[in-house]
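Have a look at the structure below before the remarks.
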Amino acid sequence: MNTIKLDERLERIESLLLANKKVLTLEEACDYTGISRSYLYKLTSTGMIPYSKPSGKLIYFEREELENWLMQNKKFSDSDFKESAAHKSKEERFS
């Protein structure tokens, strides 16, 4: 097996393992979110992202909180709005 395929398979396995972890280190959070280390530090120092610092030195992130933070300013498509409006209209007719 060539090294490129092996590296790709290892990366895929690592990402699957990372997705199953509940608590992530700073490095793991960077890999998981795609956010750079420096920007993630900036977000923690300004209090814009939820994190934990139990020992006063190392920073940890709860994966579910990171996901919620990433999705907090969700933008909806036109089709989402139309579907929502149709659903509300149907509910109002049967109420």
Side-chain angles (χ1 to χ4, degrees):
M1 188 179 274
N2 67 29
T3 22
I4 294 174
K5 284 187 178 183
L6 185 58
D7 286 343
E8 288 173 1
R9 290 182 72 186
L10 281 173
E11 283 181 34
R12 204 164 65 225
I13 290 168
E14 287 174 348
S15 67
L16 289 170
L17 289 172
L18 188 60
N20 288 324
K21 284 187 76 175
K22 183 176 175 156
V23 177
L24 307 174
T25 64
L26 180 81
E27 294 299 324
E28 291 169 335
C30 290
D31 291 340
Y32 188 72
T33 62
I35 296 173
S36 71
R37 183 182 176 102
S38 61
Y39 187 59
L40 200 53
Y41 269 128
K42 181 178 179 179
L43 292 170
T44 59
S45 68
T46 57
M48 296 185 70
I49 192 167
Y51 69 98
S52 178
K53 206 171 185 180
S55 64
K57 186 175 181 180
L58 298 176
I59 298 172
Y60 297 95
F61 301 87
E62 191 173 322
R63 185 179 48 83
E64 190 173 329
E65 286 181 349
L66 273 177
E67 292 170 353
N68 290 337
W69 180 82
L70 287 168
M71 299 304 292
Q72 70 184 353
N73 290 323
K74 189 173 181 179
K75 305 295 181 206
F76 294 97
S77 68
D78 290 342
S79 61
D80 290 335
F81 281 120
K82 289 175 186 174
E83 185 178 314
S84 177
H87 183 70
K88 285 182 183 178
S89 175
K90 186 185 283 187
E91 284 180 349
E92 289 172 358
R93 281 186 277 155
F94 293 111
S95 295

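Index from 1, following the sequence.
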Cluster companions of Tyr60 among Ile, Leu, Val, Met, Phe, Trp, Tyr (side-chain spacing under 4.5 Å):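 Under the 4.5 Å side-chain rule, Tyr60 groups with Val23, Leu58.
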
CH2 on Trp69 to CE on Met48, rounded to 0.5 Å: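 Output value for this atom pair is 7.0 Å.
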
Pairwise distance CG(Leu70) to CD1(Ile35) - rounded to 0.5 angstrom: 5.5 Å

Minimum heavy-atom distance between Ala29 and Phe61, given as atom pair plus value: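 Nearest heavy atoms, Ala29 then Phe61: CB-CD1, 3.5 Å.
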
Show every donor-acceptor pair shorter than 3.5 Å between a side-chain atom in residues 40-47 and any protein atom, with sequence neighbours excluded, or say none if there are none.
residue : atom : partner : partner atom : Å
Tyr41   : OH   : Arg37   : NH2          : 3.3
Thr44   : OG1  : Leu40   : O            : 3.4
Thr44   : OG1  : Tyr41   : O            : 2.7
Ser45   : OG   : Tyr41   : O            : 3.3
Ser45   : OG   : Lys42   : O            : 3.0
Thr46   : OG1  : Lys42   : O            : 2.9
Thr46   : OG1  : Leu43   : O            : 3.3

Residues Glu65 and Tyr51: side-chain donor-acceptor under 3.5 angstrom: no

Contacts of Glu62 that satisfy salt bridge (charged side-chain N to carboxylate O under 4.0 Å, His left out) - sequence neighbours left out: none

Pair Arg63 + Glu67: basic N to acidic O under 4.0 Å: yes

